[in-house]
Number of protein chains: 2
Amino acid sequence: MLESTLETAQRDDTATRIIDAAERLFIRDGTEATSLRAVTREAGVNVAAIHYYFGSRDELLRSVLDRIIKPLNVRRLALLNQSLDAHHGRPLSVHEILRAFLLPDLELIETLRDRGVEIAHFAARSYAAPSPALKPLIEEQFSEWSTRFMDELARALPRVDREELAFRFRCIIGVIVRLLGAATPRGVAGGLDTTEILPTLERLVAFIAPGLSAPKPTRPAPPRSRARIIKE
Amino acid sequence: MLESTLETAQRDDTATRIIDAAERLFIRDGTEATSLRAVTREAGVNVAAIHYYFGSRDELLRSVLDRIIKPLNVRRLALLNQSLDAHHGRPLSVHEILRAFLLPDLELIETLRDRGVEIAHFAARSYAAPSPALKPLIEEQFSEWSTRFMDELARALPRVDREELAFRFRCIIGVIVRLLGAATPRGVAGGLDTTEILPTLERLVAFIAPGLSAPKPTRPAPPRSRARIIKE
DNA sequence: GTCTATAACGGGATAGAC
DNA sequence: GTCTATCCCGTTATAGAC
């Protein structure tokens, strides 16, 4: 599944060569630092070819990111549906939902190794600081699966206030983006062999799940406490 | 404390005008999209003045970011030390440590409102996708306070494996960066009035603390489970 | 479909007068 | 310290030959 879209396609037409080269450079040097000229050099094609096939630089950028992110999200939903099938539609546990949510990113890093790490960094940058050209794409793709996960989490945690859940869901996005951004060839977020993604998955779930299920916080600290904290 | 460095300085010398203008534009349009010429227009000074006072574009960028981040980290450590004093040096609770850790960012947003939100976005971008010029600065400042907090967390949670703690600490950084990046004028991470930062603080602590204190995950799921999850 | 050549522009940096 | 003028570079995009 991942292979079909993430590895270099077998077809060797010009458009594919361009998008492969652009991906390599966007990933390695960052989107803003990569010029079309660099892409054409890397792809061994001409400057005009990019405009012929993609129309503009922004459109090429969108194509590259789309090819990376889409299969991840497809996989997320597939895992979720698969777990639901195994449960015959009954509510899943928080742990199971989180596994479906997190596993695709770990798989990406494991499958492609060094390249996976760089792709992860690229994805993290695109999420955390999307250029104006990427923002609509990111938000569209995000909304496709985030509501499904939110709904499933709400089913798993009926006692947690829906708005509180949404707040925590946003925090989890932060964890995941950080995970991608801090991935190293020798481990996810440091110090762990990437060949072992399942232990990492369990570490993440063990960290996130308790907070997700936690009761709503009690009233904020009493005023005197605030004064003590804030004032010098 | 925050005011002295974050608000526009009273002095109106050229260097200050430049750095103020650069901050406004870096924040509003992003660092890569802001040219020195735009800065000079905004500051009402000449192109050469920037090179005279800062030497290069990268140096100006570093000065701007430094002025934003440094007081936040100073405040983090001040709050931590203050709590330690109140406890006469005895170990703090996880909740107290997290409050010292998170409060400065919320204060920033509350104090400066719309401008605070934009600064928060800028800080988040700088953390999540630092340009080569910013990376050393970020890492230096980060290491200054992160070890202090790690040590304090280790004291609060002697039963949690140190390496597991480090892993979770990195996840928290993700939450905080996300918090900054997703801040809106009407609320932190959506739907909450920013005038009320203490409830937000408690929500964050309530979400993070349980995961920090959680026991190490049990052995990863048995092999057949992996096969079931990974295969189509 | 693919290429060369070039247009049209904006960038950072600097020399040198004041 | 401050300004003007300029250098030199790389950028996206396109026109037009093949």
Side-chain angles (χ1 to χ4, degrees), chain A residues 9-66 122 125-126 129-137, chain B residues 9-66 122 125-126 129-137:
Chain A
Q10 295 80 352
R11 294 185 312 153
D12 194 43
D13 48 29
T14 304
T16 307
R17 288 229 309 286
I18 292 173
I19 206 172
D20 286 342
E23 187 183 270
R24 278 194 296 274
L25 297 183
F26 284 151
I27 286 171
R28 199 189 61 190
D29 304 329
T31 59
E32 321 260 347
T34 300
S35 69
L36 289 187
R37 298 176 122 80
V39 174
T40 56
R41 274 194 299 273
E42 176 86 6
V45 301
N46 195 273
V47 202
I50 293 183
H51 289 93
Y52 179 78
Y53 284 104
F54 296 92
S56 75
R57 188 181 186 280
D58 282 349
E59 210 47 53
L60 172 62
L61 179 53
R62 272 190 285 268
S63 302
V64 169
L65 184 65
D66 191 67
F122 177 65
R125 288 197 302 260
S126 302
S131 67
L134 294 183
K135 207 158 191 174
L137 178 67
Chain B
Q10 295 80 353
R11 294 185 312 152
D12 194 43
D13 48 27
T14 304
T16 307
R17 287 229 311 285
I18 291 173
I19 207 172
D20 286 343
E23 187 184 89
R24 278 194 296 275
L25 296 184
F26 284 152
I27 285 171
R28 200 191 61 191
D29 304 329
T31 59
E32 321 260 348
T34 301
S35 69
L36 288 187
R37 300 176 125 79
V39 174
T40 56
R41 274 194 299 272
E42 176 86 4
V45 301
N46 196 272
V47 202
I50 293 184
H51 288 94
Y52 179 80
Y53 284 103
F54 296 92
S56 73
R57 187 183 187 277
D58 282 350
E59 210 46 55
L60 172 61
L61 180 52
R62 272 190 285 268
S63 302
V64 169
L65 185 64
D66 190 66
F122 177 65
R125 286 197 303 259
S126 302
S131 68
L134 294 183
K135 207 158 191 174
L137 178 68

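Chain letters run A, B, ... following the sequence lines, proteins first, then strands; residues in each count from 1. Hydrogens, waters and symmetry mates play no part in the numbers below; they use all other heavy atoms, side chains included.
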How does protein reach along nucleotides 4-18 of chain C, written 5' to 3' as B (base within reach of a heavy atom under 4.0 Å), S (only sugar-phosphate), or - (no contact)? B------BBBB----

Ignoring hydrogens, what is the shortest heavy-atom contact between G30(B) and R125(B)? Give both atom names and the distance. CA-NH2, 3.8 Å

Would you find a donor on one side and an acceptor on the other, under 3.5 Å apart, between the side chain of D13(A) and the backbone of T16(A)? yes

Could you go step by step and tell me if S126(B) and L137(B) meet the side chain to side chain contact (heavy atoms under 4.5 Å, CB included) rule? CA-CA 10 Å; S126(B) 302; L137(B) 178 68; over 6 Å; no

Send over the distance from D13(A) CG to dT2(C) C1', rounded to a whole Å. 14 Å

Distance-only, no hydrogens or angles: does the R62(A) side chain make a donor-acceptor pair with backbone N or O of A133(A) under 3.5 Å? yes

Y52(A) side chain N/O closer than 4.0 Å to the phosphate oxygens (OP1, OP2) of dC3(C)? no

Go through it in stages, so that I can follow the logic: the residues are I19(B) and V64(B), the test is side chain to side chain contact (heavy atoms under 4.5 Å, CB included), and I'd like the CA-CA distance, side-chain angles, deciding distance and then a yes or no. CA-CA 6 Å; I19(B) 207 172; V64(B) 169; 3.8 Å; yes

Could you state the CG-C1' distance from D29(A) to dG10(D), rounded to the nearest angstrom? 15 Å

Can you see if the side chain of T14(A) gets near the phosphate of dG1(C) - specifically, an N or O under 4.0 Å from OP1 or OP2? no

Applying salt bridge (charged side-chain N to carboxylate O under 4.0 Å, His left out) between E42(A) and each of R28(A), R17(A), R24(A), report the one that passes. R24(A)

Looking for any heavy atom pair under 4.0 Å, which part of the strands does F54(B) touch: base, sugar-phosphate only, or nothing? nothing

